[in-house]
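Per chain, numbering begins at 1; letters A, B, ... match sequence-line order. Predicted model, so just to flag it, every value in this text is computed and none were measured.
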2 protein chains.
Amino acid sequence: MIKNIKFDEQGLVPAIIQDVNSGQVLMLAYMNEDALSQTMASGFTCFYSRSRTALWSKGETSGHVQKVREILYDCDADTLLIKVEQTGAACHTGHYSCFYRNIEGEEVEPARFNLEQIYDAP
Amino acid sequence: MIKNIKFDEQGLVPAIIQDVNSGQVLMLAYMNEDALSQTMASGFTCFYSRSRTALWSKGETSGHVQKVREILYDCDADTLLIKVEQTGAACHTGHYSCFYRNIEGEEVEPARFNLEQIYDAP
């Protein structure tokens with residue numbers, strides 16, 4: 001239940017998104033109460049975009065949606081872990097996971113899609 | 001290199017900690033530049049405690065240290081993913097992972113340790 005979750009002073013909680021099958025961590029994004037409500041109601045992830053200050057239904061443009069399989073929260077109740085079935089790729093760069101570089105800046109995993117495959121070419 | 005990472009206006013970056021062997025997500029904590037430097041130099045995780053406003057060498061009291069195997073960062077360079085070998089348990093509650101409850105509040109994984117096993121009993 002949403003009342004279990006402690007949102008921060010900006011009304012947000014970080015959500016770690018993990019591939020339910022492989023265990024690969026795909027991304028981290030933020031949810032406000034509305035985004036979490038919508039995620040639970042629809043069964044697909046919805047986030048709060050801090051840059052656009054608006055809800056963001058993941059995959060709305062790209063079709064690369066995330067079907068929710070399990071929502072967990074941590075001991076402090078201030079972080080979510082959401083296990084999903086990922087369609088396409090999680091990252092807007094075309095990489096399956098947003099974590100495709102190591103701290104040295106080396107790419108550890110190639111992109112699966114190019115951007116024109118993800119977003120409509122002009 | 002640390003210069004690749006974008007710390008937020010409070011000088012922090014969230015770090016997702018993942019078990020390198022099982023893929024289980026263990027916790028999320030925050031690092032400032034000093035904590036990340038110390039983590040890279042020592043090979044063991046060190047965080048910044050927002051409540052204690054001080055560096056926090058994970059496992060200092062409990063012995064439940066995290067040996068770093070890989071540090072990745074995301075497309076926006078504002079989140080870290082750190083793969084570790086976990087000694088003992090990641091969570092101060094004695095659970096292996098801090099994510100031991102689902103959104104309904106049900107415990108999905110039992111604790112591995114009781115608190116007296118982790119912290120010296122008085």
B/M27 backbone acceptor or donor facing A/D74 side chain under 3.5 Å = no
Heavy-atom pair count under 4.5 Å with chain A, highest-scoring of B/T79, B/D78, B/I103, B/D76 | B/I103
Winner by heavy-atom pair count (cut-off under 4.5 Å) against chain A, out of B/G105, B/S22, B/C91 | B/G105
Can you tell which of B/R101, B/E106, B/Q18 has the highest number of heavy-atom pairs within less than 4.5 Å of chain A?
-> B/R101
Applying a strict 4.5 Å limit to non-hydrogen atoms, the region of A/E70 in contact with chain B is side chain
Would you call A/C98 and B/C75 a side-chain contact if the rule is heavy atoms closer than 4.5 Å?
-> yes
Closest heavy-atom contact between A/N102 and B/L72?
-> CA-CD2, 3.6 Å
Of the listed A/I5, A/V25, A/I2, the one with the largest count of heavy-atom pairs under 4.5 Å with chain B is A/V25
Shared hydrophobic cluster, B/I16 / B/L36 (ILVMFWY, side-chain heavy atoms < 4.5 Å) = no
Quick one: what part of B/T93 sits under 4.5 Å from any heavy atom of chain A, side chain, backbone, both or neither?
-> side chain
Can you see which heavy atom on B/F99 is nearest to which on A/L80, and at what distance?
-> CE2-C, 3.9 Å
Is it the backbone or the side chain of A/H92 that comes under 4.5 Å from a heavy atom of chain B, or both, or neither?
-> side chain
hydrophobic_cluster_shared for B/V13 and B/I17, side chain cutoff 4.5 Å | yes
Please answer: with hydrophobic residues joined when any side-chain heavy atoms are less than 4.5 Å apart, are B/W56 and B/V68 in the same cluster?
-> yes
Would you say B/V108 and B/L26 are hydrophobically clustered, going by side-chain heavy atoms of ILVMFWY under 4.5 Å?
-> no
Can A/L28 be reached from A/Y100 by stepping across I, L, V, M, F, W or Y side chains whose heavy atoms are under 4.5 Å apart?
-> no
Between atom OG of A/S97 and atom CG of B/L81, what is the distance when rounded to the nearest 0.5 Å?
-> 7.0 Å
